Amino acid sequence: MNPVAEEKPTAVFLPGRNPMAEAWRRFRHNIPAMAGLIFLLGFLLLCLIGPWLTPFGFEEQNRSLGAASPGTMGEAGRHWLGTDRLGRDLLTRLLHGGRLSFLVAVAATMVSLFIGVTYGAIAAWCGGKRDAVMMRIVDLLYALPFTVFLILLMVIFERSLLLLFIAIGAIEWLTMARIVRGQVLVLKTRAFVEAARSLGRRSSALILRHVLPNSMGPIIVYTTLTIPNVMLLEAFVSFLGLGVQAPQASLGLLINEGVSAMESAPWLLFFPSVAFALSLLSLNFVGDGLRDAFNPKE
Amino acid sequence: MISACRLFFFGLTPLLLLAACGPSDTRVEEGNRTGILHVGNGAEPSNLDPQTITGLPEAKIVSTLFDGLVELHPETNEPVPAAAASWEISEDGLVYRFTLQPEGRWSNGDPVTAQDFVTSYRRKLSPRLGSRYAYMLYPLEGAEAFHRGETDDFTTVGVTALADDQLELRLHTPAAFLLDLLTHSSWFPVHADTLEAFGDLDEPNTRWTRAGNLVGNGPFRLVSWRPERFVQVEKNEHHWRSGEISLQGIYFYPISDPTTEEREFRTGRLHITNTIPPDRVAVYRDRNDPEFHSQPSFSTYYYRFNTTRPPLDNPKVRRALKLAIDREAITKEVVRGGQQPAYSYVPQGDFTDYRPGPFFQYDPDEARRLLAEAGFPEGEGFPTKEILYNTMETHRLVAEAIQDMWSEELGISVNLTNQEWQVYLETQNRLQYDISRSGWIGDYLDPNTFLDLMLTDGGNNRTGWANEEYDELITQANREMNTARRNELFAEAEALLLQEAPVAPIYFDRTNYLMSVSVQDYYTTPTGYRPYWRVNLVSE
């Protein structure tokens with residue numbers, strides 16, 4: 001017989017419902033998103049350590065072995081993906097280019113994240129006329145043909161990688177600002193914010209401690225969706241010859257080189273395009289997965 | 001981005017499919033029937049004024065719109081009548097007297113008179129026009145002084161209209177190549193009334209060259225000019241030779257990417273391409289493709305150094321850079337179009353009897369020594385310089401190869417930067433570059449056409465290089481009547497030029513192009529001259 005003493009009132013506590021953990025649980029069950037994440041992590045890892053795995057330097061030319069097909073044996077090892085017109089190992093250049101593309105993408109996205117979140121949060125928090133003016137400025141900037149603006153920036157200033165980050169970041173923050181503003185507008189009227197305010201917290205603390213953490217979901221989602229956009233933009237700018245400088249490679253630049261050798265050396269176009277397309281696809285899947293995870297429709 | 005993709009898939013694809021299912025006649029087939037030629041022109045022309053242009057893309061179009069006094073027969077290279085029906089040369093070779101075509105007409109029907117030529121040459125030489133090619137007229141007595149502004153009395157210049165159809169040219173020294181020279185666009189006449197309707201006669205860049213405004217005396221007249229799309233010309237019914245011309249019109253397309261151009265050709269959208277992607281030349285040559293044409297051209301592909309910018313103002317640095325370029329590797333492994341490595345500035349071949357032989361060799365050790373002497377041992381402390389090239393795949397490849405050679409052999413790093421053709425020309429002219437890819441195709445078959453480029457303050461010098469000794473040698477050579485002695489003087493000048501190295505020759509170019517078998521009687525001479533009026537189109 002069981003002692004009565006052991007009959008405690010069962011608590012109705014479910015295991016902790018941390019929103020992050022919940023989101024992660026939902027995300028894990030999203031197959032395309034997980035596949036995308038795994039591919040991305042794998043590709044990133046390869047890009048980071050890859051250049052040390054291949055026996056070639058990314059700018060090392062072996063001109064007598066120009067445009068060799070995939071699998072050709074080179075002096076220092078096998079060219080698994082062939083070589084380009086100047087005899088540089090495509091695999092090495094691809095990994096190197098991937099690294100640069102991701103670097104540009106992440107850095108530029110961070111710039112846009114910083115500007116967008118700050119701007120949007122301030123606009124919404126201040127409200128009223130200030131909000132209206134700030135958001136009309138955003139509308140104005142939206143109307144600018146942003147690629148032209150970017151090209152102008154690249155032409156006026158010295159071409160450098162840093163500037164590329166800033167320039168791309170500086171034109172990608174507009175949507176982020178709108179999203180954050182919308183979130184903050186909703187959150188700032190919520191009871192817990194009122195409560196904190198009545199306890200005398202300052203505005204900055206309110207935004208940083210209460211409002212922003214609660215709008216993390218949409219911010220993360222949009223950030224993931226910005227990265228592929230930025231990669232595309234970088235590819236486009238490099239394609240025009242305004243971005244990354246030779247002999248550096250980025251995925252966009254490799255594809256540009258590949259296009260001109262499309263018929264004589266199709267692998268020069270194929271591999272970089274496939275890597276680029278898969279990266280974009282994965283990032284989009286991950287972004288969609290995150291959106292679903294943070295914003296369940298159940 | 002997503003909406004753009006959707007638009008593409010759902011909107012454009014069906015459209016493209018529809019277009020593909022339309023009438024099966026390609027542009028070329030249609031052109032064969034209607035007598036319209038479609039030509040790839042390389043780059044968008046920067047201007048169509050025969051007296052201010054400097055580039056080949058412009059010259060190709062302009063030579064269809066204007067006629068010089070004479071032109072060269074494409075097979076024999078002998079001067080044959082163009083705007084002039086006949087000519088006499090005085091015993092001493094100093095006076096040329098031309099009788100103009102009795103039926104010579106401008107495209108608006110006005111007769112072409114000797115006075116038109118006088119007015120045109122006055123414009124060409126006027127300092128205000130700022131023509132970079134004004135020196136082409138320097139063989140004329142008094143032309144140089146007039147162009148330098150030493151006098152504004154044009155009667156001191158050796159060109160006179162003796163009658164409506166009689167033109168006399170007087171030279172200060174005999175020039176054996178004068179008739180060749182006359183085929184160049186610098187000597188083309190312009191229609192003064194038209195020019196004055198749009199500004200002053202010697203005002204550069206007025207609207208007179210626009211379609212609808214331009215009046216020429218050539219076998220074709222300008223119909224429309226759509227920037228970055230095409231330039232369209234049609235047969236000029238007023239031309240004295242219009243009865244002999246079967247071609248009804250020509251479209252020039254500014255396609256700067258050879259791969260795109262080749263694709264256009266393959267899909268029947270071009271009769272003749274401007275060039276061929278370098279890596280495809282071997283493919284075509286090996287299978288003896290009847291559409292493949294390759295011939296030597298009187299041209300040099302070279303690098304210019306801006307001698308006004310340190311450390312490129314030091315001849316040792318320039319020589320080091322010149323010597324560290326492995327030209328064999330570039331011609332055999334990079335451009336691969338049958339080009340010859342260049343060890344002289346003037347192209348070597350069967351063009352002229354000037355064959356001074358190689359002036360230098362590939363010598364990385366000497367290059368390193370020179371660079372160390374100039375104060376940059378192992379490239380230490382050498383500032384990062386920039387190679388400028390006009391946007392084209394071949395130029396990028398060559399630049400990347402040279403970038404690698406310089407970094408490997410000399411330990412110096414350079415950046416690459418590309419510009420669109422017109423901007424690139426402007427940057428060169430203003431000396432706003434460090435090192436620039438360049439090409440020059442001779443204007444006439446004589447070493448002078450290359451060597452006088454580098455004269456102090458020459459309009460096409462574009463390096464800031466100035467050397468009195470060199471100027472003196474060229475002047476002497478051009479006064480010399482004895483061919484052997486003249487060539488010796490040229491060789492001496494060229495040796496000095498390459499020792500000082502404001503230019504680094506890379507290779508002697510070839511003209512490689514694809515041409516549909518339906519095109520007959522098409523010629524391109526080593527100087528890049530193309531008499532389109534001779535072309536006949538046959539449809540199978």
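Lettering of chains follows the sequences in order, A, B, ..., and the numbering in each one begins at 1. Note that the coordinates shown come from a computational prediction; the quantities given were computed from them, not determined experimentally.
- Between chain A and the residues B:Ala329, B:Pro258, B:Ala401, the largest count of heavy-atom pairs under 4.5 Å involves B:Ala401.
- Taking the salt bridge (charged side-chain N to carboxylate O under 4.0 Å, His left out) definition, one finds that A:Arg85 meets it with B:Asp279, B:Glu393, sequence neighbours left out.
- No side-chain donor-acceptor contact under 3.5 Å links B:Glu333 to the backbone of A:Asn62.
- Contact of the A:Val259 side chain with the B:Thr259 side chain is not registered, since no non-hydrogen atoms from C-beta on lie closer than 4.5 Å.
- Highest contact tally toward chain B, considering only A:Arg88, A:Glu59, A:Glu60, is held by A:Arg88 [criterion: heavy-atom pairs under 4.5 Å].
- Around atom OH of B:Tyr343, more than 12 heavy atoms belonging to other residues, nucleotides or ligands sit under 6.0 Å away.
- Within residues 262-273 of chain B, the residues having any heavy atom closer than 4.5 Å to a heavy atom of chain A are B:Glu262, B:Arg263, listed by residue number.
- For B:Glu420, the CD atom is densely surrounded, since the number of other residues' heavy atoms within 6.0 Å is greater than 12.
- Counting non-hydrogen atoms of neighbouring residues, nucleotides and ligands closer than 6.0 angstrom, the CD atom of B:Glu380 reaches no more than 12 such neighbours.
- Looking at heavy atoms from C-beta onward, B:Glu400 lies in side-chain contact with A:Glu257 at the 4.5 angstrom threshold.
- Side-chain contact between B:Val334 and A:Leu86 is present, with at least one heavy-atom pair separated by less than 4.5 Å.
- For the atom pair CD (B:Glu408) and CD (A:Gln61), the distance works out to 8.5 Å, reported to the nearest 0.5 Å.
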